[in-house]
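First the structure, in the form of structure tokens, and then the observations on it.
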Amino acid sequence: MEKGRFSLLVLEPGEIYFEDFSACLIPSDTTTSNYELKKQQGRLRMCSKSLVFEPHDLNKPLIKIPLKECTILEQFKGKAKFLNKSKNVLSVSTKLYIEMFEGNIIEPYKFCGFSRFLFLLNYANIMDCLPRITQLQRASTLPAGEQADMIATIVHSRQARVRFDPLWLDLYEKVVMETQADKVTPLVLNPGRILLSSARLFFQPYNNIETYPVLKINLSSIRQIIKRRFLLRHIGLEIYSSENNTIPYIYFAFRSPADRDKLYDNLLQQSDLKLSKIEQDVMTLQWQNGYVSNYDYLLYINSLADRTINDLTQYPVFPWVVADYKSKTLDLNNPETYRDLSKPIGALNADRLQKLMERFEEMSFPKFIYGSHYSTPAFVLFYLVRFYPHYVLCLQNGRFDHPDRMFNSCEDVYRNCLTNMSDFKELIPEFYDVEQGGEFLVNSMGINLGVRFDGSKVGDVQLPPWANSPKHFIRALRDALESDYVSERLHLWIDLIFGFKQRGDEAEEAKNLFYYLCYEGSVDLDSIGDLNKRRALEVQIMEFGQIPKQLFKVPHPQRKVKGPMLRVPSVDKESEKVNEDSTSVWKSVTSLNLESTFNTHKDSVSALLITDDNNQIMSVGYDGKFKVFSISQKRQIRSANIGNMPLSSIIQLPNTNVVVIGSFDNNIVLYDLDFGKVIQTVMAHEDSVTCLAWGNELKLLASGSSDCTVKIWRSFANSDVIKPMQCLESQLDHNSQLTCLCFSPDNSLLATATDDGEIYLWSISTNLLRKKFVLHSGAVKAISFSPDGQKLVSCGSDKVFQVVDIETSMALYSKTLPSVLVSLKWQNFMLLLGSADGIIYIWDIVEVKLLHQEKAHTGAVNVVDIASEQSFVVTGGEDHTIKIWKPV
């Protein structure tokens, strides 16, 4: 644990922490002679149901004193020489106190009997503190509902005196509104004040437990705002910011739906807010067509159904998929490996289901088949006890579960879910999250979780025989989740959890009925006047689990598993074999080997290409040089001075030894490799030539410029003899300077992109604008068509790369990376991205996953290319170098 051991997790769920005081703890056995040895300096925390003393000495335990157990809470009236006649001492006598985290070790709490404590307040006045503490102590003696009401009154009174400090605002920042809410994290509510300004959202907690006294979120960084249910009430609001934000997400619970909706509406009216939102039907279609993985789609619909990692009562739910935890190898091609996804977990065992249905038939209304839910806070923490032990201690009153009932074996847990009359739990996303790699399965903290009946200590989770490590286990489960078998049937499970079989007659027919309090709308908490009854219902709702919000009222569409996103036919058998070999290497890439480095450019490398025979690299740079490098000889074999201005782009005309170069001096230059000289210079634009593209099918050259135009040139006639480039086919006007362009594979379309984030699709046959996209909030740095010509990928200064369907304009995938993206290359399944911080990202754009990332250059990766048979990649950088990389 961190040095500051006190957190809201040491309190009861829902308990509020108010303030703390610098204090010295004087144990009851202190005398004048041992005072210096016994006293403990620290902080005394005043909370709604307890006092917690946190000593500075990490070897000493935290001491928690429940207020309801206190028999004496008063100013110390006795005499002690070591107190030097100080009257600023709080005297506490208690029937029970709790010691926690002694030696800074996470372990079960120690519950101790009667004791007396003296707290010498170093700075605070005892007469100011004591009335507040005794008032809370009186509240602790009341029944739960009345106690909650009295504490709420105390909280309201204290909070009403807190004002937002206007000094947090900038000079021109205007206040839009203020309200109160609780910041929600697992098992914890922390009340505070929310202020919305014209530029930022502020949360000022009423205590000092947060990292910062005021949490600030720039409205411009907010990407998503999601209304959520909290304890089946529509009072939650979750806000997601950009990935590199200091506060990536925050979850609030408000006093009423009206308070929540007022903030939500005011947020949407702010001009700085730029939300990125994918509509439900669009996302469903993307998943159905194979553009979104099963894992990502399940995360998405969980979020849509109000399930979030910030709320353990509504944690994302994932299905058991694999049913084989005994075999030595996992055969994902065998249907027997998988669980039947058309049935709820409780209906998989026919014998157990029969007994449950017999009970159901004899039951009075409201009937239920399953008295236990598939997702509750206790079930989530059952899986995560090794990763979040402090959450378990909070939920289970300072104790871990009995060692034999803990998550010890994957096989045992699955078997129990099939046979036990009260165990119907599904899984959580961590079982399929390959990025975490199964860390929750390992007791990496070395926590003493107890000894089992057979004498063995509870350690790491026992994996099935087919898994040799947690990472392997998670990877195998993820592969099973993404398998064709599961993809063809996952919609059936979605019908049960999120869809039309979730409730009503369809649920009863599907044997999918749970206790009535699990369903939204079963009870109106706001209408219950009896505080004790309402509190009891809230506890039941939390403990029984909550059915997700129903998303689909009709059967969910089935996913198409044939025909992945990209499938490019091979030209011949030999190239097919080469491509398969290269594919397998890149699919399993673990690192990149630097084969060669060329550093003869004197300035940034701006463009490069690999020749068709994969033996040479041609490049141009800001130093005005054109260079050729031999890959086999690992050396430069040609260098030519093209001009005094930077060069921006290069292409090689097919079946010739002529290269076309774009220059910042407004010219397009033709250079003959055979003769080693410039054979033609054309003043093509009124400003810098920024990009070039070649359309081989129609033998067209396209040039883009800072003069906001694209020109299309027909440079070939009826033969392969180069004609003078005076035949200008057309000019395409834009609103800002061109940054990149490319032809579709069949040359029917030309995609152009600009510095203001716009992407245009032009019909070559008519020279008319076909479509216009605004996919980026900043300059588009690179674009490319997919090999099948049906999709377009782009990246930009907003750190995002996007794949969009050309026909439907549907965004198929979007990813924000840590740095500005400046270059890309799409070939077959591979998408290579170069960033401004020198990293190259290698993506499998069919399966939409990151294969590898590598620090390649000290500056930006300005250009990337892939060999035709995918045996290597080449990068050119701002650091003047060109590098050749091969997969390992």
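Only heavy atoms go into these numbers, but all of them, side chains included; no hydrogens, no water, no symmetry mates.
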Under 3.5 Å: donor-acceptor pair, side chain of [X], backbone of [Y]:
| X | Y | value |
| --- | --- | --- |
| Ser606 | Val620 | yes |
| Ser763 | Asn767 | no |
| Asp433 | Glu435 | yes |
| Asn747 | Glu697 | yes |
| Asn667 | Val669 | no |
| Arg635 | Ser630 | no |
| Glu482 | Asn294 | yes |
| Gln853 | Tyr841 | no |
| Ser648 | Val689 | yes |
| Asp865 | Val874 | no |

**Request:** Take the angle between the ring planes of Phe629 and Phe598 and call it parallel below 30°, perpendicular above 60°, tilted in between.
**Result:**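 Geometry flag for Phe598 against Phe629: parallel rings.
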
Can you establish whether the number of heavy atoms outside [X] located under 6.0 Å from its atom [atom1] is more than 12?
| X | atom1 | answer |
| --- | --- | --- |
| Glu686 | CD | no |
| Asn644 | CG | no |
| Tyr249 | OH | no |

Shortest non-hydrogen contact from [X] to [Y]?
| X | Y | answer |
| --- | --- | --- |
| Ser736 | Cys708 | C-SG, 3.3 Å |
| Lys274 | Arg223 | O-NH1, 3.5 Å |
| Ser797 | Val820 | O-CG2, 3.2 Å |
| Ile225 | Ile222 | CG1-CG2, 3.7 Å |
| Leu824 | Ser784 | CD1-CB, 3.5 Å |
| Leu700 | Trp694 | O-CE3, 3.1 Å |

Do [X] and [Y] have side-chain heavy atoms sitting under 4.5 Å apart?
| X | Y | value |
| --- | --- | --- |
| Leu750 | Thr752 | yes |
| Ile650 | Leu692 | no |
| Ser663 | Ile642 | no |
| Leu821 | Ser835 | yes |
| Leu817 | Ile839 | no |
| Val804 | Lys791 | no |
| Asn614 | Ser871 | no |
| Leu299 | Tyr297 | no |

**Request:** Would you sort out whether His734 and Thr709 count as a side chain to side chain contact (heavy atoms under 4.5 Å, CB included), showing the intermediate values?
**Result:** CA-CA 6 Å; His734 297 71; Thr709 67; 5.7 Å; no

**Request:** Assess the side chains of Thr600 and Gln636: does a donor N or O sit below 3.5 Å from an acceptor N or O?
**Result:**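 Present: a donor and an acceptor within the cut-off.
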
**Message:** Under a plain distance cut-off of 3.5 Å, with no hydrogens placed, do Asn828 and Gln870 share a side-chain donor-acceptor pair?
**Reply:**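 Present: a donor and an acceptor within the cut-off.
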
**Request:** Show your working on side chain to side chain donor-acceptor pair (under 3.5 Å) between Ser604 and Glu878 and close with a plain yes or no.
**Result:** CA-CA 4 Å; Ser604 295; Glu878 189 180 19; 5.0 Å; no

Extract all donor-acceptor atom pairs below 3.5 Å that involve side chains of residues 880-888 and protein atoms in other chains or at least two apart in sequence.
{"from": "Thr881", "atom 1": "OG1", "to": "His857", "atom 2": "ND1", "distance (Å)": "3.1"}
{"from": "Thr881", "atom 1": "OG1", "to": "Asp879", "atom 2": "OD1", "distance (Å)": "2.8"}
{"from": "Thr881", "atom 1": "OG1", "to": "Asp879", "atom 2": "OD2", "distance (Å)": "3.4"}
{"from": "Lys883", "atom 1": "NZ", "to": "Ala856", "atom 2": "O", "distance (Å)": "2.7"}
{"from": "Trp885", "atom 1": "NE1", "to": "Thr875", "atom 2": "OG1", "distance (Å)": "3.0"}

Nearest-0.5 Å distance that lies between atom [atom1] in [X] and atom [atom2] in [Y]:
| X | Y | atom1 | atom2 | value |
| --- | --- | --- | --- | --- |
| Asn615 | Ser632 | CG | OG | 4.0 Å |
| Phe743 | Leu698 | CZ | CG | 7.5 Å |
| Ile759 | Phe773 | CD1 | CZ | 7.5 Å |
| Leu647 | Asp603 | CG | CG | 10.5 Å |
| Leu732 | Leu769 | CG | CG | 9.0 Å |
| Tyr760 | Asn735 | OH | CG | 4.0 Å |

**Item:** Note: Asp844-Lys587 ion pair, threshold 4.0 Å (strictly below)
**Value:**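 Counted as a salt bridge, because a side-chain N and a carboxylate O are separated by less than 4.0 Å.
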
**Prompt:** Is the shortest side-chain N to carboxylate O distance from Asp170 to Arg200 below 4.0 Å?
**Reply:**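 Salt bridge between Asp170 and Arg200, a charged N being under 4.0 Å from a carboxylate O: yes.
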
**Message:** Between Ser703 and Trp713, does the side chain to side chain donor-acceptor pair (under 3.5 Å) criterion hold? Intermediate values first, please.
**Reply:** CA-CA 8 Å; Ser703 61; Trp713 313 79; 3.1 Å; yes

**Message:** Centre-to-centre under 6.0 Å for Trp843 and His852, is that the case here?
**Reply:**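 Not under 6.0 Å, so no.
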
**Message:** Is the positively charged end of Lys602 above the ring of Tyr622, judged by distance under 6.0 angstrom from the centroid and angle within 45° of the axis?
**Reply:**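 No; the conditions do not both hold, so Lys602 does not lie above the ring face of Tyr622.
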
**Request:** Check step by step if side chain to side chain donor-acceptor pair (under 3.5 Å) holds for Asp296 and Ser293.
**Result:** CA-CA 5 Å; Asp296 287 334; Ser293 69; 3.2 Å; yes

**Asked** Checking side chain to side chain contact (heavy atoms under 4.5 Å, CB included) for the pair Asn657/Phe675: CA distance, chi angles, key distance, verdict?
**Response** CA-CA 9 Å; Asn657 276 330; Phe675 294 97; over 6 Å; no

**Message:** Leu670 and side chain to side chain contact (heavy atoms under 4.5 Å, CB included): which single residue from Val658, Val678, Val682 fits?
**Reply:**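 Testing each of Val658, Val678, Val682 against Leu670, the sole residue satisfying side chain to side chain contact (heavy atoms under 4.5 Å, CB included) is Val658.
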
**Message:** Run Phe626 and Arg638 through side chain to side chain contact (heavy atoms under 4.5 Å, CB included) and show every step you take.
**Reply:** CA-CA 8 Å; Phe626 161 67; Arg638 184 188 298 269; 4.0 Å; yes

**Item:** side-chain hydrogen bond (donor to acceptor under 3.5 Å, both in side chains) involving Ser794 - partner list, sequence neighbours excluded
**Value:**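 His776.
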
**Request:** Evaluate side chain to side chain contact (heavy atoms under 4.5 Å, CB included) for Ile661 paired with Val659, printing each intermediate quantity in order.
**Result:** CA-CA 6 Å; Ile661 299 170; Val659 295; 4.3 Å; yes

**Prompt:** Which is it for Lys627 and Ser639 under the side chain to side chain donor-acceptor pair (under 3.5 Å) test, yes or no, and what are the steps along the way?
**Reply:** CA-CA 4 Å; Lys627 293 180 181 288; Ser639 179; 2.9 Å; yes

